[in-house]
There are 2 protein chains.
Amino acid sequence: MARPLAHDDVFQAVASPARRTLLDKLSSREQTVHSLAESFDMTLPAVSQQLAILRRAGLVSARRAGRWRVYRLNAEPLREMARWLDNYQRFWTARMKALGEDLKRYEKQDERWR
Amino acid sequence: MARPLAHDDVFQAVASPARRTLLDKLSSREQTVHSLAESFDMTLPAVSQQLAILRRAGLVSARRAGRWRVYRLNAEPLREMARWLDNYQRFWTARMKALGEDLKRYEKQDERWR
DNA sequence: TGGACGTGTAAGACTTAACTTATGTATAAT
DNA sequence: ATTATACATAAGTTAAGTCTTACACGTCCA
């Protein structure tokens, strides 16, 4: 591998709404750059650049098909995100139960959460 | 609400390694800014600014305690991320099964995925 | 073989992000 | 009251990100 698989890149790649939309589109079927750019309010080079970022993050792969380039989703790197999120999943179940007590406690102390 | 809960902010807030570390630290216990800054190679104002971003994304809340400000994790907005990820989870199970066939097919056609 | 098509990439302008230093504000301590 | 502490915020600087335009390259077609 030329570059160590950069953990951060996945989070960062997915931080952009445009790139998330690209991934969403590719999740239904593999597509050419042209096809992806059509359904966007972006020029083709812009889309191509975003795809390059996704490619570096390992989230998509591309193959040549004639003069087209067909992009395909590779969801594997998202597992890392999912794993990270798993550590927090307990909170949005536990929190629900604790919420009532918290409210009572902090209202009494006149402390406000914001 | 002054601002509609910005969906994008959560993804973007979590894109920064520093902010993820802050969340990780807060997941064990609520802490003051000073306490958080100590375990970081960042100045206190820098930490404070990152916390402000997390606050805007709804990922942390703060209360005053004397002259301290105690920050607390609020994992709720991460549910949205988890939901988005759920749409992809099927790939890293399905993909495993399909991988063998894909390899055979594309090797035969001399198409390389990169 | 020349031209159109599909795409990648380079260069530049513009926007946004992230830090540092400096200043302001509220609370606590003396 | 004055000073110190804990933090937020403003201002300024530098780095990153994202677009557009222009151009290069490979592939198909006439």
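- For A:Thr21 (side chain) and A:Pro17 (main-chain N/O), a donor-acceptor pair under 3.5 Å exists by modelled atom type.
- Looking at A:Glu30, its side chain never comes within 3.5 Å of a backbone N or O of A:Leu73 through a donor-acceptor pair.
- Distance CD (B:Glu38) to C1' (D:dT5): 14 Å, rounded to an integer number of Å.
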Please list, one pair per line, the donor and acceptor atoms closer than 3.5 Å that link side chains of residues 47-54 of chain A to other protein atoms, with sequence neighbours excluded.
residue: A:Gln50; atom: OE1; partner: A:Arg19; partner atom: NH1; Å: 2.6

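- Here C:dT7 presents its C1' atom at 17 Å from CZ of A:Phe40, a figure rounded to the nearest Å.
- Nearest-nucleotide mapping onto DNA chain D: of B:Leu44 and A:Thr43, the residue sitting toward the 5' end is B:Leu44.
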For this session: Any chance you could list the contact pattern along nucleotides 24-30 of chain C? Use B for base contacts, S for sugar-phosphate-only contacts and - for none, protein heavy atoms under 4.0 Å, 5' to 3'.
Result: ---BSS-
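- Judged by distance alone, the side chain of B:Glu76 and the main-chain N or O of B:Leu59 form no donor-acceptor pair under 3.5 Å.
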Seminar exercise, completed: Contact string for nucleotides 12-18 of chain C, one letter per nucleotide 5' to 3', B = base within protein heavy-atom range under 4.0 Å, S = sugar-phosphate only, - = neither, reads -----SS
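- At C:dG8, one or more side-chain N or O atoms of A:Tyr71 fall inside 4.0 Å of OP1 or OP2 (strictly under the cut-off).
- Counting only distance, with no hydrogens or angles, the side chain of B:Tyr88 and the backbone of A:Ser27 share no donor-acceptor pair below 3.5 Å.
- B:Arg55 has no side-chain polar atom (N or O) that falls below the 4.0 Å cut-off from OP1 or OP2 of D:dC7.
- Considering only heavy atoms from C-beta on, A:Phe40 comes within 4.5 Å of A:Leu22 through its side chain.
- A side-chain donor-acceptor contact under 3.5 Å links B:Arg55 and B:Tyr71.
- Across the protein-nucleic acid pair, A:Arg63 atom CZ and D:dT27 atom P stand 15 Å apart, rounded to whole Å.
- The structure places CZ of A:Phe91 at 9.5 Å from CG of B:Leu26, a figure rounded to the nearest 0.5 Å.
- Note on B:Ser48: every side-chain N or O is 4.0 Å or more away from OP1 and OP2 of D:dC7.
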